[in-house]
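Written out below as structure tokens is the structure these notes cover.
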Amino acid sequence: MAASAPLPSDDAQQPRLGLRERKKLKTRVAIREATYRLITDQGYEATTVEQIAAAAEVSPSTVFRYFPTKEDIVLTDEFDDPVMEAAIRARPADEPPLESLRAVLRQAVEAILADQPEELLQRSKLMLEIPAVRARMTETMAETSLLLSRAVADRTGRDEGDLEVRVFTASVMAALREVTIYWAEHDQKENLAVLVDRALDSLEGGLSL
């Protein structure tokens with residue numbers, strides 16, 4: 001989950017974006033929406049960055065400035081890593097780390113389902129069908145895991161480089177990856193937020209079967 005808007009919360013607590021930030025967000029959204037339209041019409045492989053730029057009325061260099069790869073465009077949503085990290089830090093100090101991550105992930109999933117359901121459906125299908133998209137998803141989730149290790153470490157009084165901390169956050173992100181793939185494989189018929197809970201329950205239970 002990655003982009004540049006805050007997780008939904010009480011409106012009074014949400015900071016207002018400045019003009020520059022609003023313009024950047026508008027550009028990101030335009031690029032992403034253009035990409036999804038083109039992929040729907042002609043498929044992923046046939047869609048080029050040049051076509052995306054033309055459809056979004058920006059230059060190819062602008063596309064690459066916002067998204068390093070084509071895969072990043074379809075994998076990006078409105079919940080970036082720093083926002084996720086901040087949301088975890090905002091959880092109650094005495095809350096178990098797994099419950100903090102569960103709450104933040106559920107909130108993000110439910111918000112995307114409510115605000116961007118079609119994009120999420122298409123993104124999950126691309127994860128399933130396009131090897132490059134799935135590979136990039138794995139890379140970005142690994143990057144997110146390392147970032148979230150900082151928040152988890154601070155909450156537990158440990159070092160972010162501790163093996164146990166890294167295994168903990170990596171396990172949660174791996175569970176989220178498998179949930180997304182499982183959901184797509186089963187035609188997105190099950191409740192995604194419930195699947196996230198099921199996956200985290202298995203981690204909490206010690207991975208027993």
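Residues: numbered from 1 along the sequence shown. Since the structure is predicted, the reported quantities are computational estimates derived from the model, not experimental observations.
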E164: what forms a salt bridge (Lys or Arg N to Asp or Glu O under 4.0 Å) with it, not counting sequence neighbours? R158
Under a 3.5 Å threshold, yes or no: a donor from one side chain and an acceptor from the other, between S149 and T169? yes
Gap separating the OG1 atom of T180 from the CG atom of L176, nearest 0.5 angstrom: 4.5 Å
ILVMFWY network linking L148 to L200, side-chain heavy atoms under 4.5 angstrom: yes
Enumerate the residue pairs fulfilling salt bridge (charged side-chain N to carboxylate O under 4.0 Å, His left out) with a member in residues 176-187, sequence neighbours excluded, ordered by first and then second residue. none
When rounded to the nearest 0.5 Å, the distance separating CD of Q188 from CG of L128 is 9.0 Å
Contact summary for A153 and D159, nearest pair of heavy atoms: CB-C, 3.7 Å
Decide if atom CD of E57 counts as having more than 12 heavy atoms of other residues, nucleotides or ligands within a radius under 6.0 Å. no
Residue pair V172, L105: steps toward the side chain to side chain contact (heavy atoms under 4.5 Å, CB included) verdict: CA-CA 10 Å; V172 172; L105 290 175; 3.7 Å; yes
For M127 versus L75, what's the shortest heavy-atom pair and its separation? CE-CD2, 3.5 Å
For Y36 and Q122, indicate whether the former's side chain and the latter's backbone hold a donor-acceptor pair under 3.5 Å. no
Got V196 and W183 here, is their nearest side-chain heavy-atom distance under 4.5 Å? no
Tell me whether I73 is reachable from L126 by hopping between hydrophobic residues (I, L, V, M, F, W, Y) whose side-chain heavy atoms are closer than 4.5 Å. no
Taken to the nearest 0.5 Å, the spacing of F168 CZ from T156 OG1 works out to 8.5 Å
With a 4.5 Å heavy-atom cut-off, do L25 and V29 have their side chains touching? yes
Does any pair with a residue in residues 40-74 pass ring-ring contact (aromatic ring centres under 6.0 Å, His included), and if so which ones, sequence neighbours excluded? none
Side chain proximity check, T144 to M84, heavy atoms < 4.5 angstrom: no
Side chain of D162, backbone of V165: donor and acceptor closer than 3.5 Å? no
So if you build clusters from Ile, Leu, Val, Met, Phe, Trp, Tyr with side-chain heavy-atom gaps below 4.5 Å, do L121 and L38 land together? no
Would you please test E119 and E33 for side chain to side chain contact (heavy atoms under 4.5 Å, CB included) and show each step? CA-CA 9 Å; E119 282 193 12; E33 289 178 346; 4.0 Å; yes
Cluster companions of L163 among Ile, Leu, Val, Met, Phe, Trp, Tyr (side-chain spacing under 4.5 Å): V167
Taking all atoms of both residues into account, what is the closest heavy-atom pair of D72 and T140, and its distance? OD1-CG2, 4.0 Å
For P60 and A53 the tightest heavy-atom approach is N-CB, 3.6 Å
Hey, does M141 have a side-chain heavy atom less than 4.5 Å from the side chain of R136? no
All heavy atoms of I31 vs all of V63, minimum pair found to be CD1-CA, 4.0 Å
What distance separates I39 CD1 from E45 CD, expressed to the nearest 0.5 Å? 9.5 Å
ring-ring contact (aromatic ring centres under 6.0 Å, His included) partners of Y182, counting only residues at least two apart: H186
Determine, for R91 against E95, whether the closest basic-nitrogen to carboxylate-oxygen distance falls under 4.0 angstrom. yes
Would you check if I181 and R134 make a side-chain contact, meaning some heavy-atom pair closer than 4.5 Å? yes
How about E160 and L146: do any of their side-chain heavy atoms sit closer than 4.5 Å? no
Strictly by salt bridge (charged side-chain N to carboxylate O under 4.0 Å, His left out), give each pair with a member in residues 190-202 just once, sequence neighbours left out. R102-D197, R102-D201, R106-D197, E190-R198
Nearest 0.5 Å, please: how far is NZ in K70 from OG1 in T48? 7.5 Å
Closest heavy-atom pair and its distance - L101, I88: CD2-CD1, 3.2 Å
OG1/T27 to CZ/R65 distance, rounded to the nearest 0.5 angstrom? 8.5 Å
Please determine whether side chain to side chain donor-acceptor pair (under 3.5 Å) holds for the pair S100 and R155, giving the CA-CA distance in whole Å, both sets of side-chain angles, and the decisive distance to 0.1 Å. CA-CA 10 Å; S100 297; R155 291 173 62 85; 2.9 Å; yes
